[in-house]
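Each remark here refers to the structure printed beneath this line.
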Amino acid sequence: MSAAEGPLVVGVDTSTQSTKALVVDVATGRIVASGQAPHTVTSGAGRESDPRQWWDALSEALRQCGPAAHEAAAVSIGGQQHGLVTLDGHGEPVRPALLWNDVRSAPQGRRLIEELGGAKFWAERTGSVPTASFTVTKWAWLAEHEPDAVRATKAVRLPHDYLTERLTGQGTTDRGDASGTGWWASGTEAYDEEILAHVGLDPALLPRVVRPGEVAGTVRDGHDLPFSKGTLVACGTGDNAAAALGLGARPGTPVMSLGTSGTVYAVTQRRPSDPTGTVAGFADARGDWLPLACTLNCTLAVDRVAALLNLDREAVEPGRGVTLLPFLDGERTPNLPRSSGLLHGLRHDTTGGQLLQAAYDGAVYSLLAALDLVLDEDADPSAPLLLIGGGARGTAWQQTVRRLSGRSVQVPRAKELVALGAAAQAAGLLTGEDPAAVARRWDTAAGPVLEAVERDEETLAGLAGVLSDAAPLLNRGTTAD
């Protein structure tokens with residue numbers, strides 16, 4: 001390994017399934033070391049993880065990085081959004097964290113909308129209309145179902161906050177992740193006292209919101225990680241805001257992320273507010289905004305269909321007339337938290353490969369249906385759609401996105417964009433640069449561009465029709481709920 005040209009930083013991605021750590025050369029963006037360790041997540045409507053697993057996974061990922069992690073001058077943590085972490089007076093979890101894809105709080109979300117001014121109130125106040133994914137609905141669910149846990153809670157954190165606090169000893173968060181809670185007001189950029197009072201959450205239990213570019217703290221004594229005492233710790237952010245940093249995304253550039261969840265987003269300088277609830281009006285990690293639409297069912301759902309058919313995930317075949325909505329975990333976009341997968345148009349001559357292609361189509365359709373709402377009027381419609389996440393390198397995913405979007409698609413060569421965005425944020429503490437400018441200097445978005453093809457209007461119309469007709473059935477849920 002050649003010597004680094006500049007100081008080293010660590011960027012972390014603590015996602016739903018695992019924690020990844022990268023040691024990055026600030027001068028060049030070169031990844032000099034990396035590590036990864038898994039988490040476990042419960043299955044069913046309730047999706048939970050023990051936050052202490054995240055710390056153990058971070059320790060293991062950094063151990064795999066070797067001596068380079070010890071040389072790091074700064075660290076930043078990007079993490080899965082929305083998760084509710086409840087801590088006691090000693091900083092220990094009161095119960096497992098309720099994760100973003102835990103849909104049990106859907107009734108509480110509907111009730112909060114009704115009780116506090118309707119969807120328009122929430123969109124104008126917080127930038128988003130709360131669904132089961134949002135932290136505020138999870139807190140309301142916990143208060144209703146586990147009041148003893150609420151009484152025992154002395155601090156409320158998000159997943160990335162939990163790890164940052166264990167590093168620094170101070171309770172902090174950032175505007176990007178705070179904007180996904182449902183209790184942070186996007187207009188004032190402060191916690192919303194009316195909403196907090198309504199759900200019975202004392203603002204003293206919440207972390208301080210650190211501004212972009214501000215140091216959250218330094219690494220304290222008494223940890224088992226390979227950082228030197230005094231290493232700078234950035235505020236970190238949510239995974240989507242971190243990925244936007246990692247791409248160096250400029251306003252109006254469309255991004256589609258294909259992972260456990262699917263997302264479409266774009267940086268904008270206008271504060272978003274969508275009363276339909278399709279677009280979440282998140283803040284980004286720099287001072288701008290990140291309107292975003294998220295689906296619960298993306299790569300894992302399609303892989304599950306492939307496994308049921310005993311097919312390789314690339315074994316798709318063209319076909320017409322069959323529609324598959326892969327809403328295996330309920331769905332957030334469209335907002336159908338009690339739904340399950342739905343197959344329509346099955347014939348004797350339908351092949352397994354055609355069913356698999358229909359699963360890809362259904363997953364991509366939900367994302368593309370929200371893309372026009374995410375992009376504002378200043379966005380360039382001819383700009384390539386940046387395709388990132390675990391599915392972005394899959395040929396079937398790439399071709400499905402091209403065919404259903406009618407846009408050119410660019411696939412960045414850089415892989416771990418959440419961790420790279422966190423690393424860029426840490427680098428900004430050392431150099432004083434805008435983290436997005438750091439990522440552009442590292443050329444993280446570089447990659448092949450796949451030319452646009454004619455949009456498949458027939459498939460899009462078929463999906464829209466089936467979804468519209470089946471909405472009452474999908475809203476009804478299943479006996480497994």
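Residue numbers run from 1 in the order of the sequence given. The shown structure was predicted, so the numbers you read here are calculated from the model rather than taken from an experiment.
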Which heavy atom of I388 sits nearest a heavy atom of V255, and at what distance?
CD1-CG1, 3.8 Å
Between H39 and T19, do the side chains contain an N or O donor and an N or O acceptor separated by less than 3.5 Å?
yes
Do you know which of V267, L386, T253 makes side-chain contact (heavy atoms from CB on, under 4.5 Å) with L247?
L386
Is a side-chain N or O of R441 found less than 3.5 angstrom from the main chain of V26, in a donor-acceptor match?
yes
From Q410 atom CD to L450 atom CG, the distance as rounded to the nearest 0.5 Å
9.0 Å
Note, R407 side chain near P384 side chain (heavy atom, < 4.5 Å):
no
Starting at CZ of R332, measure out to CG of N101 and round the result to the nearest 0.5 Å.
10.5 Å
Can you name the closest pair of heavy atoms from G182 and W122 and give their distance?
O-CZ3, 3.3 Å
N/O donor-acceptor pair under 3.5 Å between K20 side chain and T14 backbone:
no
Keeping the roles fixed (side chain from T137, backbone from G109), state whether a donor-acceptor pair exists under 3.5 Å.
no
Hey, is NE2 on H198 packed in by over 12 heavy atoms from elsewhere, all under 6.0 Å?
yes
Short side-chain to backbone donor-acceptor contact, D174 and D177, under 3.5 Å:
yes
Where P291 and A266 come nearest, the two heavy atoms and their spacing
CD-O, 3.2 Å
Donor-acceptor pair between W183 and T135 side chains, under 3.5 angstrom
no
Within the distance-only criterion (no hydrogens, no angle test), does the side chain of T168 pair as donor or acceptor with the backbone N or O of T218 below 3.5 angstrom?
no
Salt bridge or not for E114 and R111, using N-O below 4.0 Å?
no
Does T299 use its side chain to pair, donor to acceptor, with the backbone of G259 at less than 3.5 Å?
yes
Please walk me through it: do D192 and R125 pass salt bridge (charged side-chain N to carboxylate O under 4.0 Å, His left out)?
CA-CA 8 Å; D192 191 298; R125 188 72 71 91; 2.8 Å; yes
Mark yes or no for whether Q64, through its side chain, and Q36, through its backbone, hold a donor-acceptor pair below 3.5 Å.
yes
Can you tell me how far CG of L296 sits from CG of N335, rounded to the nearest 0.5 angstrom?
9.0 Å
Please find the pair of heavy atoms, one from A242 and one from A422, that lie closest to each other, and give the distance.
CB-N, 4.4 Å
For Q81 versus N240, what's the shortest heavy-atom pair and its separation?
OE1-ND2, 2.9 Å
Gap between atom CZ of R52 and atom CG of D56 - 0.5 Å precision:
9.0 Å
State the OG1-CG distance between T263 and L292, to the nearest 0.5 angstrom.
5.0 Å
Can you see which heavy atom on G330 is nearest to which on N297, and at what distance?
O-ND2, 2.6 Å
Could you tell me whether E433 and R440 make a salt bridge, using a distance below 4.0 angstrom between a side-chain N and a carboxylate O?
no
Where the side chain of Q80 meets the backbone of D239, is there a donor-acceptor pair that is under 3.5 Å apart?
no
Enclosure of E214 CD (heavy-atom neighbours >12, cutoff 6.0 Å)
yes
Q425 side chain to P435 backbone, donor-acceptor under 3.5 Å
no
For R313, does the CZ atom sit with more than 12 other heavy atoms under 6.0 Å from it, leaving out its own atoms?
no
Taking R63 for the side chain and P226 for the main chain, is one N or O donor matched with an acceptor at less than 3.5 Å?
no
CZ-OG distance between F134 and S105, expressed to the nearest 0.5 angstrom
10.5 Å
Assess the residue pair D284 and R175 against the criterion (salt bridge (charged side-chain N to carboxylate O under 4.0 Å, His left out)); give the C-alpha distance rounded to whole Å, side-chain angles, the decisive distance to 0.1 Å, and a yes or no.
CA-CA 7 Å; D284 79 349; R175 68 192 294 271; 3.2 Å; yes
More than 12 heavy atoms of other groups within 6.0 Å of E144 CD
yes
Could you tell me whether the side chain of R104 reaches within less than 4.5 Å of the side chain of H145, counting heavy atoms only?
no
Between D274 and V129, is there a side-chain heavy-atom distance shorter than 4.5 Å?
no
